[in-house]
K.L.:
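The structure that follows is given in the form of structure tokens.
Sequence lines set the chain letters: A, B, ... in the order given, protein chains first and strands last, and positions in each chain run from 1.
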2 protein chains.
Amino acid sequence: MLTRREREREAHRREILEAAGRVFARKGFAAATMDEIAQEAEFSKAALYFYFKNKEELFLSLIHEKFNSLGEKLRRVTSSEDSPDVKIGDLVRIHLEAFEEDKEFFQIIASEHPRLDAEVGNRLRQDIRGRYVRYIDMIEDVMREGVEEGVLRDVPPRLLALALTGIVHSFTAQWVLTGGEESLTDKGHIILELFFHGASRK
Amino acid sequence: MLTRREREREAHRREILEAAGRVFARKGFAAATMDEIAQEAEFSKAALYFYFKNKEELFLSLIHEKFNSLGEKLRRVTSSEDSPDVKIGDLVRIHLEAFEEDKEFFQIIASEHPRLDAEVGNRLRQDIRGRYVRYIDMIEDVMREGVEEGVLRDVPPRLLALALTGIVHSFTAQWVLTGGEESLTDKGHIILELFFHGASRK
DNA sequence: ATATTTTAACTAACCAGTCAGTAAAAAATC
DNA sequence: GATTTTTTACTGACTGGTTAGTTAAAATAT
């Protein structure tokens with residue numbers, strides 16, 4: 001059981017993380033300022049340094065948490081006893097739902113990923129780069145199952161995983177760009193249809 | 001005919017643009033400094049301001065040029081008399097070649113696109129946003145042809161365009177991440193195979 | 001000589017991170 | 001259980017370093 005003090009501390013940490021998420025999403029890591037995050041969080045800038053060592057650690061804590069939560073959801077799907085094609089369907093649905101719930105995070109990842117090397121220190125970028133790779137790995141594993149069971153064509157599973165995530169990301173990026181009105185999750189069945197059976201008229 | 005003076009001026013401008021391309025690609029717009037670009041270009045910082053009004057204009061000139069050159073290549077394909085499925089194949093090949101030749105540019109676009117709103121002024125972002133949309137539009141037009149001629153399924157052409165570009169981008173992103181050793185253009189036929197016929201074993 | 005191109009040196013603004021101090025809660029002492 | 005002491009959570013004001021952009025003078029070209 002947590003004391004009230006501990007609960008409040010945790011709550012404030014969350015508030016700061018959420019504010020940081022919004023600011024990083026609209027400005028990117030480099031252009032986001034600690035002053036702006038502080039203002040958004042309604043704390044003083046110094047308070048941010050009470051909760052986080054520096055800007056980089058704040059950023060990485062944010063990414064860390066989000067990846068954990070998504071990873072857990074995906075793991076629940078991949079470790080089920082369903083057949084690969086059902087799993088792939090679930091994967092896409094989970095992904096679209098997660099995106100719709102938390103589009104900021106995916107914006108951050110999409111745009112910051114190519115230059116993690118340049119902007120975060122060596123120590124922790126291993127961790128996050130590893131997490132991203134593991135995320136693709138999980139999808140690749142499902143694809144491999146599908147190939148082995150003869151449900152999917154005999155193509156390197158990594159390429160199948162890339163194709164699927166590519167389609168999904170492209171749809172979500174478009175969704176963000178158009179302001180995110182129409183439901184994204186509704187697009188799930190078209191994505192799966194195109195992924196499984198392609199664009200050609202049979 | 002240009003005088004030597006004019007030719008040199010043009011050459012210096014290009015050198016600066018190319019240096020800027022390298023720096024923006026590794027750092028992103030916000031974290032790239034004019035000092036670093038100057039050093040990379042082997043000019044003083046003030047020389048950059050002789051050729052370009054400010055950092056933003058330097059950045060946009062760069063993007064402007066690259067888009068023009070890619071756009072022209074794509075237009076040559078889309079305006080041909082070939083059938084839509086041949087055009088789609090050409091589109092993918094052109095795209096992969098262009099990427100392989102100039103991976104920096106695509107890195108810049110991919111990561112900077114989501115926040116052009118925040119970082120470049122209102123006046124010119126219309127221009128670049130418009131160019132990006134037009135690029136997807138061109139692909140969409142080919143897809144529409146394909147649907148009308150009965151070569152492709154009856155799915156909104158925009159979604160077909162998104163699916164194809166999604167797969168392509170995902171492959172190229174992976175290529176960049178792994179250091180770009182193995183030939184990217186070789187992946188063209190797998191991309192087309194997956195796009196046209198899907199991942200399912202028939 | 002004059003116009004163009006390039007530079008070194010400067011400035012004004014900004015920003016990550018620090019610090020000295022404060023108020024209130026918790027723990028220790030009586 | 002009342003008092004003093006310590007710890008926790010926070011702030012406003014500051015600093016040192018950095019960066020976009022300027023200026024004035026030097027170099028070069030015509």
Side-chain angles (χ1 to χ4, degrees), chain A residues 1-24 26-62 112 115-116 118-121 123-124, chain B residues 1-24 26-62 112 115-116 118-121 123-124:
Chain A
M1 179 46 180
L2 294 151
T3 65
R4 196 198 65 205
R5 230 182 154 77
E6 290 167 320
R7 282 197 310 278
E8 273 186 359
R9 192 171 207 282
E10 199 46 47
H12 289 177
R13 208 188 113 97
R14 295 214 74 78
E15 279 167 46
I16 292 170
L17 276 173
E18 277 163 32
R22 291 190 293 276
V23 176
F24 282 130
R26 34 171 210 269
K27 297 288 181 70
F29 178 80
T33 71
M34 293 299 267
D35 283 300
E36 188 177 349
I37 295 169
Q39 204 180 0
E40 178 98 22
E42 295 180 90
F43 281 95
S44 73
K45 180 165 55 156
L48 308 191
Y49 286 90
F50 180 77
Y51 284 94
F52 301 93
K53 203 170 106 255
N54 52 34
K55 187 181 173 183
E56 179 181 315
E57 207 198 81
L58 172 56
F59 180 68
L60 289 169
S61 297
L62 181 68
E112 225 64 55
R115 47 175 158 293
L116 283 177
E119 59 198 18
V120 309
R123 190 176 42 87
L124 287 157
Chain B
M1 179 44 178
L2 295 151
T3 66
R4 198 193 70 217
R5 228 187 158 76
E6 288 166 321
R7 283 197 309 277
E8 273 187 359
R9 196 169 203 280
E10 198 46 47
H12 290 177
R13 206 187 115 96
R14 295 212 73 78
E15 279 167 47
I16 292 170
L17 275 173
E18 277 163 32
R22 290 191 293 277
V23 176
F24 282 132
R26 37 172 208 271
K27 298 288 182 71
F29 178 80
T33 71
M34 293 299 268
D35 284 300
E36 188 177 349
I37 294 169
Q39 203 180 359
E40 178 98 20
E42 297 179 90
F43 282 96
S44 75
K45 182 165 57 157
L48 309 191
Y49 284 92
F50 179 77
Y51 286 95
F52 301 94
K53 202 170 105 256
N54 53 34
K55 188 180 173 183
E56 179 179 317
E57 206 197 81
L58 172 55
F59 180 69
L60 289 169
S61 297
L62 181 67
E112 224 64 56
R115 49 174 160 291
L116 284 176
E119 59 199 17
V120 310
R123 189 177 42 87
L124 287 158

K.L.:
Roughly how far, to the nearest 0.5 Å, is the CZ atom of A:Phe52 from the CE atom of A:Met34?
P.N.:
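Result: 9.0 Å between the selected atoms.
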K.L.:
Can you name the ring-ring contact (aromatic ring centres under 6.0 Å, His included) partners of B:Tyr51, sequence neighbours left out?
P.N.:
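Residues passing ring-ring contact (aromatic ring centres under 6.0 Å, His included) with B:Tyr51: none at all.
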K.L.:
Which residues pass the salt bridge (charged side-chain N to carboxylate O under 4.0 Å, His left out) test with A:Lys45, sequence neighbours left out?
P.N.:
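Residues passing salt bridge (charged side-chain N to carboxylate O under 4.0 Å, His left out) with A:Lys45: A:Asp35.
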K.L.:
For DNA chain C, note the earliest and the latest nucleotide, 5' to 3', having some atom under 4.0 Å of a heavy atom belonging to chain B.
P.N.:
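Counting from the 5' end, contacts occupy C:dT4 to C:dA8.
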K.L.:
Could you state the interatomic distance from CZ (A:Phe50) to OG (A:Ser44), rounded to the nearest 0.5 Å?
P.N.:
11.0 Å
K.L.:
A side-chain contact here means heavy atoms from C-beta on lying under 4.5 Å apart; do B:Lys55 and B:Phe24 qualify?
P.N.:
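B:Lys55 reaches B:Phe24 side chain to side chain.
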K.L.:
Base contacts versus sugar-phosphate-only contacts with protein, heavy atoms under 4.0 Å: please encode nucleotides 9-22 of chain D as B, S and - from 5' to 3'.
P.N.:
BSBB------SBBB
K.L.:
For B:Arg14, what residues pass the side chain to side chain contact (heavy atoms under 4.5 Å, CB included) criterion, not counting sequence neighbours?
P.N.:
B:Glu10, B:Glu18, B:Glu65
K.L.:
Which residues satisfy the side chain to side chain donor-acceptor pair (under 3.5 Å) test with B:Arg22, sequence neighbours excluded?
P.N.:
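Once residues adjacent in sequence are excluded, the partners of B:Arg22 under the side chain to side chain donor-acceptor pair (under 3.5 Å) criterion are B:Glu40.
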